[in-house]
Visitor: 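I'd like to ask some things about the structure below.
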Amino acid sequence: EVQLVETGGGLVQPGKSLKLTCATSGFTFSNAWMHWVRQSPEKQLEWVAQIKAKSNNYATYYAESVKGRFTISRDDSKSSVYLQMNSLKEEDTAIYYCTRTDYWGQGVMVTVSS
Amino acid sequence: DIQMTQSPPSLSASLGETVSIECRASEDIYSNLAWYQQKSGKSPQLLIYYASSLQDGVPSRFSGSGSGTQYSLKISGMQPEDEGVYYCLQGSKYPFTFGSGTKLEIK
């Protein structure tokens, strides 16, 4: 059974950092291209970042709204993908999903507020 | 960025009715389009990929079509469990972009 489980969310002040983890199982993670997608309180989905596989040199791509502040990474030995979020803004408040596009995690809430 | 214009924003359908949802891309996305269903409090579920390929386990009443900049999702025979919000996603060019969603309810 494919599983994706996100952890690391919470309440954080503007300007601070947070790191999300997505632990996966049930598929060959090392071959997978993984994404982070977020959903705002207004329910709009926004693609955040992608990391490709080792065979693609772990290429990464970002939404303009997070470029330079967020970093996606992966550890194939742990079948996990990460999202390091720095310089957080109130508009980053959202549910963050880890996804392979066909399988999605349950999401983790990130609230940025003073 | 490629803009995805999704319509209608909301839709009410009777049991057994056929419904269609449209997504128009601001440029050719070469069928790199997926459709998702999201039920309240749940993660999005993939229905259709590459514009017209049915994801495993998805009922055959769901179908996708289109090419170029125009795409549609059809539900042939609305069922109560089809209530939810539907989103399109283009994966042709970075950054990937979603449509704004269509809320589908039973009439």
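We name chains A, B, ... by the order of the sequence lines, and we start the count at 1 in each one. All values below were derived from every heavy atom in this structure, side-chain atoms included, with hydrogens, water molecules and symmetry-related copies excluded.
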Visitor: Would you call the rings of A:Tyr61 and B:Tyr94 parallel, tilted or perpendicular if under 30° counts as parallel and over 60° as perpendicular?
Guide: parallel
Visitor: Should the heavy atoms of other residues, nucleotides or ligands under 6.0 Å from NZ of A:Lys52 be counted, would the total exceed 12?
Guide: yes
Visitor: So which of A:Glu64, A:Lys43, A:Gln106, A:Gln39 has the largest heavy-atom pair count under 4.5 angstrom toward chain B?
Guide: A:Gln39
Visitor: Should B:Leu73 and B:Leu33 be counted in the same cluster of Ile, Leu, Val, Met, Phe, Trp and Tyr side chains packed under 4.5 Å apart?
Guide: yes
Visitor: Nearest 0.5 Å, what's the OH-CD distance between A:Tyr97 and B:Gln38?
Guide: 4.5 Å
Visitor: Quick check: does any side chain N or O of B:Gln45 sit under 3.5 Å from a backbone N or O of A:Tyr103, one acting as donor and the other as acceptor?
Guide: no
Visitor: Do A:Val81 and A:Phe70 sit in one hydrophobic cluster, given that two such residues count as connected whenever their side-chain heavy atoms are within less than 4.5 Å of each other, even indirectly?
Guide: yes
Visitor: Non-hydrogen atoms of chain B under 4.5 Å away: do they reach the side chain of A:Val37, the backbone, both or neither?
Guide: side chain
Visitor: Within a reach of under 6.0 Å around CZ of A:Arg69, are more than 12 heavy atoms found that belong to other residues, nucleotides or ligands?
Guide: yes
Visitor: So how far is it from B:Phe96 CZ to A:His35 NE2, rounded to the nearest 0.5 Å?
Guide: 5.5 Å
Visitor: When you group the ILVMFWY residues by side-chain heavy-atom contacts below 4.5 Å and let the links chain together, are B:Trp35 and B:Ile75 in the same group?
Guide: yes
Visitor: Which atoms of A:Gln50 come close to chain B, meaning under 4.5 Å heavy atom to heavy atom: side chain ones, backbone ones, both, or neither?
Guide: side chain
Visitor: Counting N and O atoms only, with roles assigned by atom type, does the side chain of B:Tyr36 sit under 3.5 Å from a partner on the main chain of A:Thr101, one being a donor and the other an acceptor?
Guide: yes
Visitor: Between B:Pro95 and A:Ala63, which heavy-atom pair has the shortest distance, and what is it?
Guide: CB-CA, 4.3 Å
Visitor: Between chain A and each of B:Ser43, B:Gly99, B:Ser100, count heavy-atom pairs under 4.5 Å; write down the option with the most.
Guide: B:Ser43
Visitor: Do the side chains of A:Ile95 and A:Leu83 join up, straight or via other hydrophobic residues, at under 4.5 Å, putting them in one cluster?
Guide: no
Visitor: Using the rule that two of Ile, Leu, Val, Met, Phe, Trp, Tyr join whenever any of their side-chain heavy atoms come within less than 4.5 Å, decide whether B:Tyr49 and B:Phe62 are in one cluster.
Guide: no
